[in-house]
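Working notes for the structure below.
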Amino acid sequence: MTERPVLYLVVCAAGPAEHIHELVDLLIADGWRVCLIVSPTAAPWLDRDALQDKTGYLVRVEWRMPGDPEPHPPADAVLAAPVTFNTMAKWALGINDTLALGILNESLGAGLPILAFPHVKAELAAHPAYAGHLAVLRGAGVHVADGKVLDLAHGPVRWTVVIEALRSIRQP
């Protein structure tokens with residue numbers, strides 16, 4: 001029997017993060033071992049203890065100390081959902097000032113399959129730099145969803161597009 005693949009789920013501070021437990025349930029049911037990495041701003045929004053109980057892995061927000069063991073197994077794929085304007089911009093520029101960005105930058109450098117589901121206000125998406133940041137990440141191989149597919153108005157069904165996208169990149 002083969003071990004279930006590991007998915008690093010990077011969660012940023014956007015509305016859908018408050019419902020990330022729904023996505024975690026779907027990911028586990030779809031055969032993933034889920035390891036959450038949460039931005040410092042999103043961390044207080046979540047019940048990290050409940051998510052840790054659900055996944056079996058520490059929900060990480062902070063860097064580990066030198067010499068401390070890695071609390072997560074190596075990833076097979078990475079999912080950033082929801083990902084904010086701020087994170088998309090910093091990621092495209094290679095800024096590494098949070099653990100969430102560090103994981104995204106390292107994963108990009110490692111050539112892991114990465115999916116990103118931005119949840120960005122229309123006014124921010126219209127910023128002249130945003131299209132360039134998306135182009136940089138797409139050019140580096142990140143699968144960036146178009147539009148605001150994780151809109152809260154879609155209810156729990158919003159996560160279906162995420163599961164389908166992950167299935168499309170999953171190794172057989």
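It should be emphasised that the depicted structure is a prediction, and the values quoted were computed from it without experimental measurement.
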Quiz item: Is L115 linked to L108 within one hydrophobic cluster, defined over Ile, Leu, Val, Met, Phe, Trp and Tyr using a side-chain heavy-atom separation of less than 4.5 Å?
Solution: no
Quiz item: Do the side chains of L9 and I20 get nearer than 4.5 Å, heavy atoms only?
Solution: yes
Exercise. List the atom of A116, the atom of V83, and the distance in Å for their closest heavy-atom pair.
Key: CB-CG1, 4.2 Å
Quiz item: About how many Å separate NE2 of H143 and CD1 of I114, when rounded to the nearest 0.5 Å?
Solution: 9.0 Å
Practice problem: Kindly give the heavy-atom pair with the smallest separation between A13 and T84, and that separation in Å. | Solution: O-CG2, 3.5 Å
Self-check item: Non-hydrogen side-chain atoms of K90 and N96 separated by less than 4.5 Å
Solution: no
Quiz item: Would you call W91 and N105 a side-chain contact if the rule is heavy atoms closer than 4.5 Å?
Solution: yes
Exercise. Please step through side chain to side chain contact (heavy atoms under 4.5 Å, CB included) for the pair R60 and V38, ending with a clear verdict.
Key: CA-CA 6 Å; R60 295 187 64 197; V38 181; over 6 Å; no
Practice problem: Rounded to the nearest 0.5 Å, what's the gap from OG1 on T55 to CG on L7? Could you check? | Solution: 11.0 Å
Self-check item: Hydrophobic cluster membership, I28 vs L26, 4.5 Å side-chain cutoff
Solution: yes
Practice problem: Using a strict cut-off of less than 4.0 Å between a Lys/Arg side-chain nitrogen and an Asp/Glu carboxylate oxygen, indicate whether R138 and D146 qualify as a salt bridge. | Solution: yes
Practice problem: Apply the test side chain to side chain contact (heavy atoms under 4.5 Å, CB included) to residues W32 and V6: give CA-CA distance (whole Å), side-chain angles for both, the deciding distance (0.1 Å), then the verdict. | Solution: CA-CA 6 Å; W32 292 97; V6 174; over 6 Å; no
Quiz item: Between H72 and L58, what is the shortest heavy-atom contact and its length?
Solution: NE2-O, 2.7 Å
Practice problem: Answer yes or no: is there a donor N or O on one side and an acceptor on the other, between the side chain of S107 and the main chain of L104, under 3.5 Å? | Solution: no
Self-check item: Gap separating the CZ atom of R158 from the CG atom of L23, nearest 0.5 angstrom
Solution: 9.5 Å
Quiz prompt | Chi angles and distances behind the side chain to side chain contact (heavy atoms under 4.5 Å, CB included) call for Q52, Y57 | solution = CA-CA 5 Å; Q52 180 174 327; Y57 295 103; 6.0 Å; no
Quiz item: Is F117 close to P82 at the side-chain level, that is, under 4.5 Å between some pair of heavy atoms?
Solution: no
Quiz prompt | Single-linkage hydrophobic cluster, 4.5 Å side-chain cutoff, V10 and L137 together | solution = yes
Quiz item: Atom NZ in K121, atom CZ in F85: separation rounded to 0.5 Å?
Solution: 11.5 Å
Quiz item: Side chains of V149 and H119: closer than 4.5 Å at any heavy-atom pair?
Solution: no
Practice problem: In sequence, state the C-alpha distance, the side-chain angles, and the governing distance for H21 and L51, and then conclude on side chain to side chain contact (heavy atoms under 4.5 Å, CB included). | Solution: CA-CA 7 Å; H21 62 280; L51 289 165; 4.2 Å; yes
Quiz prompt | L112 and D76, any side-chain heavy atoms less than 4.5 Å apart | solution = no
Quiz prompt | Validation row: V61, L99 side chains within 4.5 angstrom (heavy atoms) | solution = no
Exercise. Search all heavy atoms of A42 against all heavy atoms of C12 and return the closest pair with its distance.
Key: CB-C, 3.6 Å
Practice problem: Using a 4.5 Å cut-off on heavy atoms from C-beta on, say whether the side chain of L36 contacts that of V34. | Solution: yes
Self-check item: V142 reachable from L93 in the ILVMFWY side-chain graph, under 4.5 Å edges
Solution: no
Quiz prompt | Residue E62 excluded, over 12 heavy atoms near CD under 6.0 Å | solution = no
Self-check item: side-chain hydrogen bond (donor to acceptor under 3.5 Å, both in side chains) assessment of E18 paired with W45
Solution: CA-CA 6 Å; E18 293 182 294; W45 299 10; over 6 Å; no
Quiz item: Under 3.5 Å, side chain of R48 to main-chain N/O of V59, donor-acceptor pair present?
Solution: no
Quiz item: Is L150 reachable from Y8 through a run of I, L, V, M, F, W or Y residues, each pair having side-chain heavy atoms under 4.5 Å apart?
Solution: no
Practice problem: Can you measure from CG (L79) to CG (L27) and round to the nearest 0.5 angstrom? | Solution: 6.5 Å
Exercise. Verify, without hydrogens or angle tests, whether D68 (side chain) and R64 (backbone) share a donor-acceptor contact under 3.5 angstrom.
Key: no
Self-check item: Distance (rounded to the nearest 0.5 Å) between R4 CZ and R33 CZ
Solution: 8.0 Å
